K.L.:
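Have a look at this one.
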Amino acid sequence: MTTTELRAAALVSKAWPYEEARKLLKRYPDGKAPDKGFVLFETGYGPSGLPHIGTFNEVLRTTMVRNAFHALSDIPTRLLAFSDDMDGLRKVPDNVPNQAMLAEHLGKPLTRIPDPFGKFDSFAAHNNAMLREFLDRFGFDYEFASSTEYYASGRFDPILRTVLERYDAILDVMLPTLRAERRATYSPVLPVSPKSGVVLQVPVTVVDAANGIVRFEDEGETIEQSVFAGHAKLQWKVDWAARWVALDVDYEMSGKDLIDSTIQSGKIARVLGGKPPEGFNYEMFLDEHGEKISKSKGNGLSLEQWLTYGPEESLAFFAYREPKKAKQLHMGVIPRAVDEYWQFRGNYPGQPTEQRLGNPVHHIHDGKVPAEPLPVTFGLLLNLVGVMGADATREQVWGYLGNYVSDASPERYPDLDKLIGHALAYNRDFIAPTLKRRKPEGVEVAALQRLDRELAALPAGAKAEDIQNIVYAIGNEGGFDQLRDWFKALYETLLGSSQGPRMGSFIALYGVENTRRLIAEALAA
């Protein structure tokens, strides 16, 4: 499609990235770039624990909105991945080593805490490196920013001065939202103790706003200290607002759990003389027990785990769909995400422009959707390797694919070759240990015997559809209460699972003689 066609369709598309992009476009109705020369997208990351898929997906979704904005406007954009690495460590994560050592540094900025993994200068440096590895692996176009660096370099000094000058107005926003005991100690500014190095949660008195001097109690001593050059940081909601104003952030999304923070930070941004960014609140990912995924708990899936069992595009597909709906994130969702991604990708070439813009693969690939087809589904691959066993090899799978795909080869289908690797890993770790074939009983015995006879009579090279018709006929005529009882019997007696593939396709892929051998083994059980 041409740029003009894309822009016209994007202006009315109901796909959520385009809806977000149009909202952002209204921020600059004259179509001109802001004074800073670009529209700034931001994502925030708290490196108090190891990055997880939720962290990664925030950057992915923001990138999708950024790409949609490019389709609507010629204004340049930048994406800033901001790490809140000057935060004080509040608790020791459950999923890291050397926890006793970390406990000795509670309250200190994350950049001043040793790396429990012993690889980097600090705990924050380790987790920041992991985040950047996440983002680099997917080729994101972003700039990394460190909160510690911004504070220590003096880049935030002007906004810190404004915070001190408008201290009482900020308190007017925040205090009504706090419990009585919290109000007694709350301060928008958190000085770093010159004694312990801890980020202090203590009342602060502004002594000289212009020069950044504040007064506070530290271990029984009254201290006067500058807030500039990294000697203090801002309380969370004030920090978020100050960053928006200092950097003139135009767009930032966040989780549903931060709706209240977004509201309060927006009010504070206006107190500081700025305008809060556009954005929306997405629903959180849940683990298999329905609990929110947490960096400190390490529950849910890691990026490495997903990419062991499914390709990158399937993860992007999972992230794109229904961002405002809570979704469970566990190993069981991967196969479906893989097959649904390929289903939408297969539909893409034949769709009109408006439907393409609503197709998830358009946003996953920024409109440059690959053309390679997929001759078998991931689900069918899983059924095949499940029958082959935990020791199946990639070469053996390609051998079976030759029964089903005339030009089957890794060179012809490189994406399929990658999927075979994922299928072998998923089968080895999750399917093979659970498979258990049962003995056929009742009408199932005669139905399997008839299926064996019908398969034996088939000509060489019989099509999957012809085989499927035979399977249907046996089920309809075999005395089963419902047709699905017949399919369930096939899955349980031949494949060892309660669910399975379209049997005509499976038999064509696995081979008639191999399937007859399965039937013989089942009948002899």
Side-chain angles (χ1 to χ4, degrees), residues 301 304-314 330-339 341-342 372-439 448 451-452 455 461-462 464 467 471 487-525:
L301 293 185
E304 289 76 13
Q305 286 175 313
W306 185 295
L307 297 182
T308 298
Y309 307 113
E312 297 170 357
E313 297 86 353
S314 64
H330 53 81
M331 293 297 178
V333 307
I334 296 177
R336 180 176 178 181
V338 174
D339 272 336
Y341 161 76
W342 277 98
E372 180 186 335
L374 190 70
V376 297
T377 66
F378 190 58
L380 191 57
L381 274 181
L382 288 175
N383 287 122
L384 172 62
V385 298
V387 172
M388 294 171 64
D391 297 326
T393 67
R394 189 184 300 262
E395 292 72 21
Q396 289 172 333
V397 175
W398 275 112
Y400 282 106
L401 285 169
N403 299 326
Y404 193 72
V405 184
S406 59
D407 55 349
S409 71
E411 296 73 26
R412 173 68 179 85
Y413 297 104
D415 280 347
L416 177 56
D417 190 53
K418 293 177 184 177
L419 281 185
I420 291 172
H422 294 307
L424 290 170
Y426 196 89
N427 175 65
R428 179 192 66 233
D429 295 341
F430 299 107
I431 297 179
T434 67
L435 295 181
K436 186 176 181 180
R437 301 178 198 170
R438 67 167 176 82
K439 184 176 182 178
L448 285 171
L451 177 59
D452 181 63
L455 292 177
I467 300 173
V471 174
F487 287 108
K488 185 178 180 183
L490 288 170
Y491 302 148
E492 293 177 349
T493 62
L494 303 185
L495 306 182
S497 174
S498 60
Q499 301 180 56
R502 184 177 172 87
M503 287 304 297
S505 299
F506 173 79
I507 294 170
L509 173 59
Y510 192 53
V512 168
E513 291 306 315
N514 289 324
T515 304
R516 291 189 66 204
R517 187 180 70 250
L518 284 179
I519 294 173
E521 291 172 356
L523 291 172

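The model shown is predicted, which means the values in this text are computed figures rather than measured ones.
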K.L.:
Run the side chain to side chain contact (heavy atoms under 4.5 Å, CB included) test on Lys418 and Asp415 for me, step by step, so that the C-alpha distance in whole Å, both residues' side-chain angles and the decisive distance to 0.1 Å come before the verdict.
P.N.:
CA-CA 5 Å; Lys418 293 177 184 177; Asp415 280 347; 4.2 Å; yes
K.L.:
Tell me the closest heavy-atom pair linking Leu424 and Ala392, and the distance in Å.
P.N.:
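It is CD2-O, 3.6 Å.
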K.L.:
Any non-hydrogen side-chain atom of Leu416 less than 4.5 Å from a side-chain atom of Trp398?
P.N.:
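Result yes, sub-4.5 Å side-chain heavy-atom pair found.
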K.L.:
For the side-chain contact (heavy atoms from CB on, under 4.5 Å) test, which of Glu521, Arg438, Lys439, Lys488 pairs with Thr493?
P.N.:
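So the option named by the test is Arg438.
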K.L.:
Hey, can you tell me if Tyr309 and Phe430 have their rings parallel, tilted or perpendicular (30° and 60° cut-offs)?
P.N.:
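It falls in the perpendicular class, over 60°.
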K.L.:
Indicate yes or no: at least one non-hydrogen side-chain atom of Leu307 is less than 4.5 angstrom from one of Glu312.
P.N.:
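In contact.
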K.L.:
Please check if the side chain of Arg428 supplies one atom and the backbone of Ala390 the other of a donor-acceptor pair under 3.5 Å.
P.N.:
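Checked: no pair found.
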K.L.:
Can you check whether Leu381 reaches Val385 side chain to side chain, under 4.5 Å on heavy atoms?
P.N.:
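Side chain of Leu381 against side chain of Val385, heavy atoms only: no contact under 4.5 Å found.
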K.L.:
Main chain of Leu380, side chain of Thr377: is a donor-acceptor contact present, judged purely on distance under 3.5 Å?
P.N.:
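Yes; at least one donor-acceptor contact below 3.5 Å.
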K.L.:
How about Leu384 and Tyr510: do any of their side-chain heavy atoms sit closer than 4.5 Å?
P.N.:
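With C-beta onward as the side chain, the pair touches.
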K.L.:
Which distance, rounded to the nearest 0.5 Å, do you find between the CG of Asp429 and the CE of Met331?
P.N.:
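Reported to 0.5 Å precision, the distance equals 8.0 Å.
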K.L.:
Look up atom CH2 in Trp306 and atom NE2 in His330, then write down how far apart they are to the nearest 0.5 Å.
P.N.:
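Those atoms lie 9.5 Å apart.
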K.L.:
Counting only heavy atoms from other residues, nucleotides and ligands, does the tally under 6.0 Å from CZ of Arg336 exceed 12?
P.N.:
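Not buried by this count: 12 neighbours or fewer within 6.0 Å.
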K.L.:
From Glu395 CD over to Ile420 CD1, what is the distance, rounded to the nearest 0.5 angstrom?
P.N.:
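Output value for this atom pair is 9.5 Å.
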K.L.:
Report the C-alpha distance between Tyr404 and Ser505 in whole Å, list the side-chain angles of each, state the deciding distance to 0.1 Å, and finish with yes or no for side chain to side chain contact (heavy atoms under 4.5 Å, CB included).
P.N.:
CA-CA 8 Å; Tyr404 193 72; Ser505 299; 3.5 Å; yes
K.L.:
Can you tell me how far CG of Leu451 sits from CE of Met503, rounded to the nearest 0.5 angstrom?
P.N.:
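Here the rounded value is 7.5 Å.
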K.L.:
With a 4.5 Å cut-off on side-chain heavy atoms, are Tyr413 and Pro373 touching?
P.N.:
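Touching, per the 4.5 Å side-chain cut-off.
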K.L.:
Just wondering, do Leu374 and Leu419 contact through their side chains at under 4.5 Å, heavy atoms?
P.N.:
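Yes, close enough: below the 4.5 Å cut-off.
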K.L.:
Can you tell me how far CG of Leu518 sits from CG of Leu523, rounded to the nearest 0.5 angstrom?
P.N.:
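Atom-to-atom, Leu523:CG and Leu518:CG are 11.0 Å apart.
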K.L.:
Mind listing the closest non-hydrogen atom pair of Val512 and Leu455 along with its distance?
P.N.:
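Distance-wise, the nearest heavy atoms are CG1-O, 3.6 Å.
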K.L.:
What verdict does the side chain to side chain contact (heavy atoms under 4.5 Å, CB included) test give for Leu490 and Leu448, after you've listed the backbone C-alpha separation in whole Å, the side-chain angles of each residue and the deciding distance to 0.1 Å?
P.N.:
CA-CA 8 Å; Leu490 288 170; Leu448 285 171; 3.8 Å; yes
K.L.:
Do you know which two heavy atoms are closest between Ser498 and Tyr491, and how far apart they sit?
P.N.:
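Distance-wise, the nearest heavy atoms are O-CD1, 3.9 Å.
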K.L.:
Would you name the heavy atoms of Pro375 and Val405 that are closest together and state the gap between them?
P.N.:
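Minimum heavy-atom separation between Pro375 and Val405: CB-CG2, 3.6 Å.
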K.L.:
What is the minimum heavy-atom distance between Gln499 and Asn383, and which atoms define it?
P.N.:
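The pair with the smallest heavy-atom distance is O-ND2, 4.3 Å.
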K.L.:
Counting only N and O atoms by type, is there a donor-acceptor contact under 3.5 Å from the side chain of Asn403 to the main-chain atoms of Ala508?
P.N.:
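No; zero donor-acceptor contacts below 3.5 Å.
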K.L.:
Check step by step if side chain to side chain contact (heavy atoms under 4.5 Å, CB included) holds for Phe506 and Ile467.
P.N.:
CA-CA 10 Å; Phe506 173 79; Ile467 300 173; over 6 Å; no
K.L.:
Which atom pair, heavy atoms only, marks the closest approach of Gln396 to Met388?
P.N.:
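Closest approach of Gln396 to Met388, heavy atoms only: CB-CE, 3.5 Å.
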K.L.:
Take a 6.0 Å sphere around CG of Asp407 and say whether it holds more than 12 heavy atoms from other residues, nucleotides or ligands.
P.N.:
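Count over threshold, so yes.
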